[in-house]
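The structure under discussion appears below in the form of C-alpha cells.
The model shown is predicted, which means the values in this text are computed figures rather than measured ones. Along the sequence shown, residues carry numbers from 1.
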Amino acid sequence: MNHEFSRAVILSAGSAAHRAERKAALFLRDEVKRRTGLTWQIGETPREGVQTIVIAHPQRVPAGLPLPRQAEPPADSAEGYTLYLELLSPRAPRLWLVGNCGRAALFAVGQLLRWLHTERGRAWLPDRSPGRLISTSARFSIRGHQLGYRSTPNTYDAWNVAQYEQYIRDLLVFGANSIELIPALRPDEPRTAIMPLSPWEMNVRLSSLLDDYDLDVWIWLPNTDAPSGQPADIPRMVADRRRLFESMPRLDHVFVPGGDPGDMPPEELFPLLEKMAEELRRVHPRAGLWLSPQGFSRERMDAFYRFLREQQPDWLTGVVYGPWIRDRMERVREMVPARYKLRRYPDITHCVRCQYPVPEWDMAFALTLNREPINPRPMAQAHIHNLFMNLSDGCITYSEGVNDDVNKAIWSARLWDPRCAVRNVLIEYGRAYISSEFAEDIAEGLLALERNWQGALLGNPRPRLTLGLWKHLWQALGKDGQNNWRLQMAYFRALYDVFVQARLEVESKQEQDALKVLDEVRTTPDIEAMRREILALGEALWKSIGMQMSVSRYHADGPERGAVLDTMNEPLNNRLWLLAESEKAMQLPAEQQAQALIQIARWTDPGPGGFYDDLGNPNAEPHLVRGEGWAKDPGFLRSAQDEFGAMAQGYRLSWGSQASTLYGTPLEMLYTGLDPNARYRLRVVYNGRFRAVMRLVANESIEIHGALRGTQPPSVMEFAVPQEATRGGVLRLKWELIEGRGCQVAEVWLVREG
C-alpha cells in the first residue's frame, strides 16, 4: 500500500543537531515544497497521529522518541545511513532517516527524494512494507564534482550563490560529498559580464556555504602564474596562495595539476609544493595536497615516479589521475608508493579531443555538436567508472557545466554503489528532478539519447524515435514542466540530433547531384522549423539555468565550449571544397580540365584492385587496426580512435577527422588478399591537431618513409611500396611517432599499379 506523507512533520534534535542535520531538514522541506507546493513543518517534539519524518544521528534523537534498533545505520561507515519505516497507524507512518554523521543525514534525505512520489498537493512512498527500507554505506570516500566559477564553463559562471546552493543540493541527492572549486588566485581578478560576483568573493561565499552542509571543499589550483620559460618566482607564488588559503572559511584539499594547464619542471614544482603545503596546513591543519602528472613528458613522468619512491614526501597526500596522463591508471598505481592515495579526475563533460571521447562518433555530430554539448552517456560512464574503480580511492569529476548533469548522477551513484543498475539510477533521476509520473519514460529517453550517437547517422531510425519520446514528454508535462531545465536540455538534444540528421540527408543528396547545382544551399521546411525551435530552446536554457550555447548571444567562452547554436549550420558535405576545386580546374588549359574534374569526382576511388580508407570515419576505415578497443581502453592509450580536428574553410570532410593514437602507441593498418605479383603505391593525407612527425614502416622492417610531418593545408603524398612488402599477399603498415602527442592520419589509398 502507499504511505502518505502529504501532511508530514519533520523532526530533528533542534539545537542539539549537527549543522548538516539542520540543513538536511531545510533541504527536505524546501525540495518537497518545490515539487508539491506543500509546506512541511520542522519541529522537535513528536505528536501522536501525525505523519512524521525523523532526521537523526544515533546519539542525537528528538526528545521523547526512542531510536528503533532497526533504524541504526551501518556501524562500519562514517557516512552510512538507514531509512526505516514505522507504521504506527495506517494514516500516520513514521519514517526514520538516521545517519552516522551530519552529512549522512543529507544523503538519507537525497535517498528519500529519489524514492518519494510527488505531484501538486501530494507526497507518498509507494508500496513499501514497514521495516528497514535501506541501510547503506558508500564504497568510496571521495565522491564529488568540479563546479568552476570562471569564464570557461558553459553554465557555472552565470550563477549566483542561491543557484549554486540549489545545484549542490541536487548533487547531494545521489551522495556527492565533495565539491571542487576553481578560485581566483588574487582578489582583483575581474569578473565577466555575466558573473554576479567577483571570482574572489564567490569563492569565499561558496567555501562557507559548503561548510554549512559539511561537504569537503577542494580547489583546483594550476600553476598558470609561473612565468613561461623563466625560473618561477616561488616566494611570490607562495604568498599568493597563502592569501587564498586564508580567505577560505573551509578548505579540505588542494589539487595542483602538473600540466593542462600550468607547466613547471620538477626541480621547481616540488619545492613550490612543499612550501605551499606548509602554508596550507598553517591555515587549514588537516588539509591535503594532491598532485597530478597531467601533460608530463616521458622524462618528467619518470622523474615524478622516482621522486615519490625515493623521497616519499610527507607533505603530499595523494596523486590525481586525470586527462592527458600518458601512462594507464594501472601503471600509475603501481609506480606511486602505496602510502599515497589515488583520486580520479575523469572528464565527463567533453565528447571529442578529451580523455574519454565518444567512440566511433558520426562526423556530422562532431562538426555540429562539437566538444561540449548536452551529453548524457549513462551506460558509457558507468562502464568507465567500474573498469578502473579498484585502482582508486574515489573521484571528483571534471565538468564545465550542466551539459553533463546525467553523467554526474551516474558517477555519484556508482561511487556509492558500483553494482547499482544504470536504468534504476535514471528512473530515480527522472523522479527526483523532473517528474514522478513519467520517471520510467525519462529513463528510457536518456538511454535513447545515448543510443542516438551509436553507429552511422545517415539512415539511422533511432534519432526520430527518440525525438518522438521526448516530444511526448514535453507535451505531457505541460507549461510548468517545460520550465524545468533538465527537461529542456533533453528535448533540445533530441531535437538537435534529428535536425542534424535531416540536414545530413539533404546535404548528402546534394553532393551526389551534378556539380552545376553545388552552389545552391538546400534546406526543407521541416529543417527550418526545427532550427527555430532549437533556437527558442537555447534561449529558454539561458534563462532557466544560464546555459551558454552561443558566443554572440549568451557569452559562451568559445565555439568548443557548448556553443552548439553557433555550429548548428556547419557544412555536412564537401560542397565548399568541390566548388573551390572546380574553380581551380577551370583555370587549367582546356585539355587538362576534363581530367582534373574527373579526379575531383573520383577522389575516393582507388582504382581496380585498390583500397581507400577515410580514417576517422568509423564507417569507412575497414583496414584500421583498432587495438584493445573502447571497452577495455576508453581513454585510447593503447588503441586507435576516431579524432576530430577543427575544420578550416574549404577543407574536405575527410581531412577534419583522423585515425589517432596517443603518445608512443603506433597507428596500424592491415591489408589482406593482395595480389602477390602486383605493384602498389601508397597515397596518404596527413592532418590533425598534433601536427605529428611520423615514420612509416611496412611489415615491421621495410621503411616506406622516414620522419615526416604533414603539410598545411593538407595535400596528398605518394610513396612506392616495395614489392617485397606485398609479395605474401598481406601488408601491415605502422606509423611510429617521432614528435608530437600522437600519430594522426586522415586518408589512405593503396593503389594497384599492375
Side-chain angles (χ1 to χ4, degrees), residues 20 78-79 103 106-107 138 140-150 152-153 156 159 164-165 167-172 174-185 199-200 202-224 241-242 244-258 260-262 273 276-277 279-281 283-294 315-323 340-349 392-401 404 408 411-412 415-416:
E79 294 184 352
R103 62 188 179 196
L106 291 160
F107 306 145
F140 294 96
S141 59
I142 305 171
R143 310 180 307 278
H145 308 282
Q146 189 181 79
L147 307 180
Y149 186 75
R150 55 177 181 159
T152 308
Y156 305 136
W159 288 356
Y164 264 102
E165 181 169 16
Y167 198 60
I168 289 164
R169 285 179 165 188
D170 288 352
L171 297 178
L172 283 168
F174 285 94
N177 68 358
S178 305
I179 299 295
E180 188 162 78
L181 306 175
I182 300 180
L185 197 52
W200 184 270
M202 180 62 84
N203 186 65
V204 174
R205 297 276 294 274
L206 292 178
S207 172
S208 178
L209 173 67
L210 291 165
D211 188 45
D212 288 344
Y213 284 87
D214 195 26
L215 297 179
D216 286 353
V217 178
W218 292 65
I219 58 172
W220 180 78
L221 197 60
N223 296 315
T224 51
R241 284 151 179 78
R242 179 193 311 123
L244 171 63
F245 301 155
E246 290 173 344
S247 75
M248 298 183 67
R250 177 167 180 163
L251 179 55
D252 296 282
H253 298 280
V254 176
F255 161 28
V256 179
D260 191 30
L273 294 177
M276 187 191 309
E279 293 299 330
L280 173 64
R281 285 158 188 154
V283 183
H284 301 280
R286 292 195 294 265
L289 182 64
W290 301 66
L291 173 64
S292 167
Q294 290 171 249
W315 47 260
L316 185 67
T317 305
V319 171
V320 176
Y321 188 89
Y340 300 114
K341 295 181 178 180
L342 182 64
R343 186 206 111 182
R344 297 172 70 179
Y345 180 47
D347 180 352
I348 68 169
T349 205
S392 78
D393 297 280
C395 156
I396 297 177
T397 69
Y398 166 37
S399 169
E400 295 286 14
D404 56 27
K408 290 191 185 83
W411 276 83
S412 291
L415 284 162
W416 191 280

Exercise. Rounded to the nearest 0.5 Å, what separation is found between the CZ atom of R242 and the CG atom of L280?
Worked result: 12.5 Å
Problem set entry | W218: which of W290, Y345, F255 passes ring-ring contact (aromatic ring centres under 6.0 Å, His included) | W290
Exercise. To the nearest 0.5 Å, what is the distance between CG (L106) and CD1 (I168)?
Worked result: 11.5 Å
Exercise. How about L206 and M202: do any of their side-chain heavy atoms sit closer than 4.5 Å?
Worked result: yes
For this session: Apply side chain to side chain contact (heavy atoms under 4.5 Å, CB included) to the pair H284 and H253, showing each step before the final yes or no.
Result: CA-CA 9 Å; H284 301 280; H253 298 280; over 6 Å; no
For this session: Assess the pair W159 and Y164: is the distance between their ring centroids shorter than 6.0 Å?
Result: yes
Exercise. Quick one: does D211's side chain get under 4.5 Å of P249's, heavy atoms only?
Worked result: no
Exercise. Is it true that a side-chain atom of N177 and a backbone atom of D216 form a donor plus acceptor pair closer than 3.5 Å?
Worked result: no
Seminar exercise, completed: Here the pair of heavy atoms bringing E246 nearest to V283 is CG-CG2, 3.7 Å
For this session: State the CG-CG distance between D260 and D347, to the nearest 0.5 angstrom.
Result: 9.5 Å
Exercise. What is the distance from atom CZ of F107 to atom CD of E79, rounded to the nearest 0.5 Å?
Worked result: 4.5 Å
For this session: Mind listing the closest non-hydrogen atom pair of R143 and A138 along with its distance?
Result: NH1-CB, 3.3 Å
Exercise. Is there a donor-acceptor contact under 3.5 Å from the side chain of S207 to the main chain of V204?
Worked result: no
Exercise. Mind checking whether M248 and I219 have side chains closer than 4.5 Å, heavy atoms only?
Worked result: yes
For this session: Give, for atom NE2 of H145 and atom OH of Y398, the distance between the pair rounded to the nearest 0.5 Å.
Result: 15.5 Å
Exercise. Would you say R103's side chain and L172's backbone share a donor-acceptor pair under 3.5 angstrom?
Worked result: no
Problem set entry | For L289 against M276, the heavy-atom pair lying closest together | CD1-SD, 4.0 Å
For this session: Output yes when R150 and E400 qualify as a salt bridge under the 4.0 Å nitrogen-oxygen rule, no when they do not.
Result: yes
Problem set entry | Note, D214 side chain near R250 side chain (heavy atom, < 4.5 Å) | yes
Exercise. Less than 4.5 Å apart, any side-chain heavy atom of L147 and any of L171?
Worked result: yes
For this session: Ignoring hydrogens and angles, tell me if any N or O in the side chain of S292 forms a donor-acceptor pair with the backbone of V320 under 3.5 Å.
Result: yes
Exercise. Is there a side-chain contact between F174 and K408, using heavy atoms and a 4.5 Å cut-off?
Worked result: no
Exercise. Can you name the closest pair of heavy atoms from T224 and P261 and give their distance?
Worked result: CG2-CG, 3.5 Å
Exercise. Step by step, would you call W411 with R344 a side chain to side chain contact (heavy atoms under 4.5 Å, CB included)?
Worked result: CA-CA 11 Å; W411 276 83; R344 297 172 70 179; 3.4 Å; yes
Exercise. Heavy atoms, side chains only, cut-off 4.5 Å: are S247 and W200 in contact?
Worked result: yes
Exercise. How far apart are the C-alpha atoms of V254 and F245, what are their side-chain angles, what is the distance that settles it, and do they pass the side chain to side chain contact (heavy atoms under 4.5 Å, CB included) test?
Worked result: CA-CA 10 Å; V254 176; F245 301 155; 4.0 Å; yes
Problem set entry | Gap separating the NZ atom of K341 from the OG atom of S392, nearest 0.5 angstrom | 11.5 Å
Seminar exercise, completed: In terms of heavy-atom contacts, Y156 and S399 come closest through OH-OG, 2.6 Å
For this session: Decide side chain to side chain contact (heavy atoms under 4.5 Å, CB included) for L316 and L273; before the verdict, give the C-alpha distance in whole Å, the side-chain angles of both, and the deciding distance to 0.1 Å.
Result: CA-CA 8 Å; L316 185 67; L273 294 177; 5.6 Å; no
For this session: Check whether any side-chain N or O of R286 sits under 3.5 Å from a backbone N or O of D252 as a donor-acceptor pair, and report yes or no.
Result: no
For this session: State, to 0.1 Å, how close A176 and L215 come at their nearest heavy-atom pair, and which atoms those are.
Result: O-CD2, 3.9 Å
For this session: Taking the side chain as every heavy atom from C-beta outward, state whether T397 and D404 have any pair of such atoms under 4.5 Å apart.
Result: no
